[in-house]
Amino acid sequence: VGTLPTLPGAFDERGYSTLLVKPADRERPGVALDNSFRFEHTVFADDLDYVGPVIGWGQIPDQYTLGFVHERVIPEIDPPVFGFFHLATSHMPWPGSPKLEPHWEDWNFAAGSKRPVFVQRTTESELAMRLSRFKRRTREATERPPQPGQPGRYVDTVLFDLQAIAETHLGGPGRPTLIVIYGDHQPPIVADGTDADVPIHLVASDPELLQAFLDQGFMAGLRPTGDDHRVAHEDLFPMLIRGLAAAGKSAQAQSQPAGSAP
């Protein structure tokens with residue numbers, strides 16, 4: 001990365017601990033674990049001690065990942081914390097519709113298949129998969145019709161993740177929490193033929209954290225309306241910095257005793 005400005009780098013410079021969580025990442029032939037953006041702390045698949053049933057492409061259900069990190073990792077890190085979670089349960093092929101367990105640790109004792117959806121690749125198959133990405137394809141060659149039940153299962157996995165995020169992280173560690181939720185692209189097969197735009201959702205433990213973002217054009221609700229509310233990917237970095245800086249100034253002003261100067 002070198003001197004390239006990055007979001008984790010910006011938070012690190014301002015005194016935050018930085019945390020990378022990638023539960024689907026495992027070392028395999030020719031592929032090492034990657035921390036290109038120099039997060040201070042990392043959590044990968046093998047760090048999660050998961051022995052429960054395989055759930056979808058990511059294998060480890062996101063409720064388990066979120067609970068593990070929330071209860072066993074974050075309390076050991078000096079606050080404040082900037083974390084990036086690469087969740088995986090809503091990734092295709094959506095073989096089933098997971099339901100929340102009463103507690104995240106219950107997944108280790110849940111019934112279900114332990115066989116991965118995608119088998120461990122050999123060096124040759126890993127190279128073939130990566131080289132195939134450089135082939136020139138037409139849209140018609142890559143589009144496939146959804147299979148029966150796939151759209152509904154996709155929606156179920158998204159709801160599963162949203163519920164897991166809300167129940168795990170908005171319960172606190174007892175300090176203000178802002179969560180930014182977005183996808184990397186629209187789901188293949190289910191949304192073939194559409195653009196790659198995805199909605200960005202902000203969820204906070206304190207409504208005051210959201211006000212600065214509402215002032216920048218965000219709106220209440222799950223579905224944004226109109227093209228004028230689009231945000232380019234590269235604009236999210238400064239928008240988050242401005243929003244959090246404004247929220248911090250507001251909180252500081254409210255904490256000042258009457259008649260005092262900052």
Side-chain angles (χ1 to χ4, degrees), residues 19-25 43 45 48 50 52-70 83-104 106-107 110 112-113 116-118 142-171 177-205 209-210 213 218-227 229-233 236 239-240:
L19 170 65
L20 174 66
V21 181
K22 302 185 78 173
D25 282 24
V43 177
L48 291 166
Y50 183 70
V54 166
I55 303 296
W57 171 81
Q59 303 189 32
I60 301 174
D62 291 337
Q63 182 191 12
Y64 179 93
T65 299
L66 290 165
F68 183 101
V69 173
H70 178 73
F84 177 84
F85 290 69
H86 184 203
L87 301 181
T89 299
S90 63
H91 193 286
M92 72 174 298
W94 319 297
S97 302
K99 305 298 181 186
L100 290 179
E101 292 287 342
H103 189 267
W104 63 269
D106 294 340
W107 278 105
S113 173
V117 175
F118 298 112
T142 58
E143 288 181 347
R144 289 169 289 174
Q147 299 300 308
Q150 269 189 327
R153 292 197 299 269
Y154 165 66
V155 172
D156 286 343
T157 60
V158 172
L159 292 175
F160 172 85
D161 271 355
L162 292 176
Q163 291 171 329
I165 291 169
E167 292 187 10
T168 303
H169 285 285
L170 292 183
T177 301
L178 176 69
I179 301 172
V180 182
I181 305 170
Y182 62 95
D184 54 349
H185 55 73
Q186 291 291 344
I189 302 177
V190 171
D192 277 344
T194 64
D195 58 39
D197 290 359
V198 296
I200 302 173
H201 299 298
L202 302 181
V203 185
S205 58
L209 286 172
L210 298 177
F213 295 97
F218 278 77
M219 61 184 68
L222 286 175
R223 295 187 62 128
T225 58
D227 291 342
H229 295 292
R230 291 191 177 189
V231 177
H233 189 274
L236 182 59
M239 181 173 283
L240 285 173

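In this chain, residues are counted from 1 in sequence order. Side-chain atoms are counted along with the backbone in the values below, which use heavy atoms only and exclude waters and symmetry mates.
The side-chain heavy atoms of Trp94 and Pro187, taken from C-beta on, include a pair separated by under 4.5 Å. Ser90 places a side-chain heavy atom less than 4.5 Å from the side chain of Val158. Counting heavy atoms from C-beta outward, Phe85 and Ile165 have side chains that stay 4.5 Å or more apart. Gln63 places a side-chain heavy atom less than 4.5 Å from the side chain of Phe160. In this structure, Val203 and Leu210 have side chains that are not in contact, with every pair of non-hydrogen atoms separated by 4.5 Å or more. Between Tyr64 and Leu48 the shortest side-chain heavy-atom distance falls below 4.5 Å. Using a 4.5 Å cut-off on side-chain heavy atoms (C-beta onward), Leu87 and Thr89 make no contact.
The 12-atom threshold is exceeded at NE2 of His103, counting heavy atoms of other residues, nucleotides or ligands nearer than 6.0 Å.
One N or O on the side chain of Tyr50 and one on the backbone of Pro53 form a donor-acceptor pair closer than 3.5 Å.
Of all the heavy atoms in Leu222 and His201, the pair that sits closest is O-CE1, 2.9 Å. Of all heavy-atom pairs spanning Arg153 and Ser97, the tightest one is CG-OG, 3.7 Å. Gly96 approaches Thr157 most closely through the heavy-atom pair O-CG2, 3.9 Å. Contact detail for Pro98 and Trp107: the closest heavy-atom pair is CB-CH2, 4.3 Å. Closest approach of Ala88 to Ala24, counting heavy atoms only: CB-CB, 4.2 Å. Shortest non-hydrogen contact noted between Ala45 and Ile60 is O-CD1, 3.9 Å.
Taken to the nearest 0.5 Å, the CH2 atom of Trp104 stands 15.0 Å off from the CD atom of Glu167. Between atom CD1 of residue Ile200 and atom NE2 of residue His233 there is a gap of 8.0 Å, rounded to the nearest 0.5 Å. The line from OG1 of Thr65 to CD1 of Ile55 is 11.0 Å long, rounded to the nearest 0.5 Å. Atom CG of Leu100 is separated from atom CG of Asp106 by 11.0 Å, given to the nearest 0.5 angstrom. The OG1 atom of Thr177 sits 8.5 Å away from atom CG of Leu209, with the distance rounded to the nearest 0.5 Å.
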Criterion side-chain contact (heavy atoms from CB on, under 4.5 Å) on Asp184 and Val198, from CA distance to verdict: CA-CA 7 Å; Asp184 54 349; Val198 296; over 6 Å; no
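Ring pair Phe213/Phe218 is perpendicular by interplanar angle, where above 60° counts as perpendicular and below 30° as parallel.
The one candidate from Leu20, Leu19, Val180 that meets the side chain to side chain contact (heavy atoms under 4.5 Å, CB included) condition with Phe84 is Leu20.
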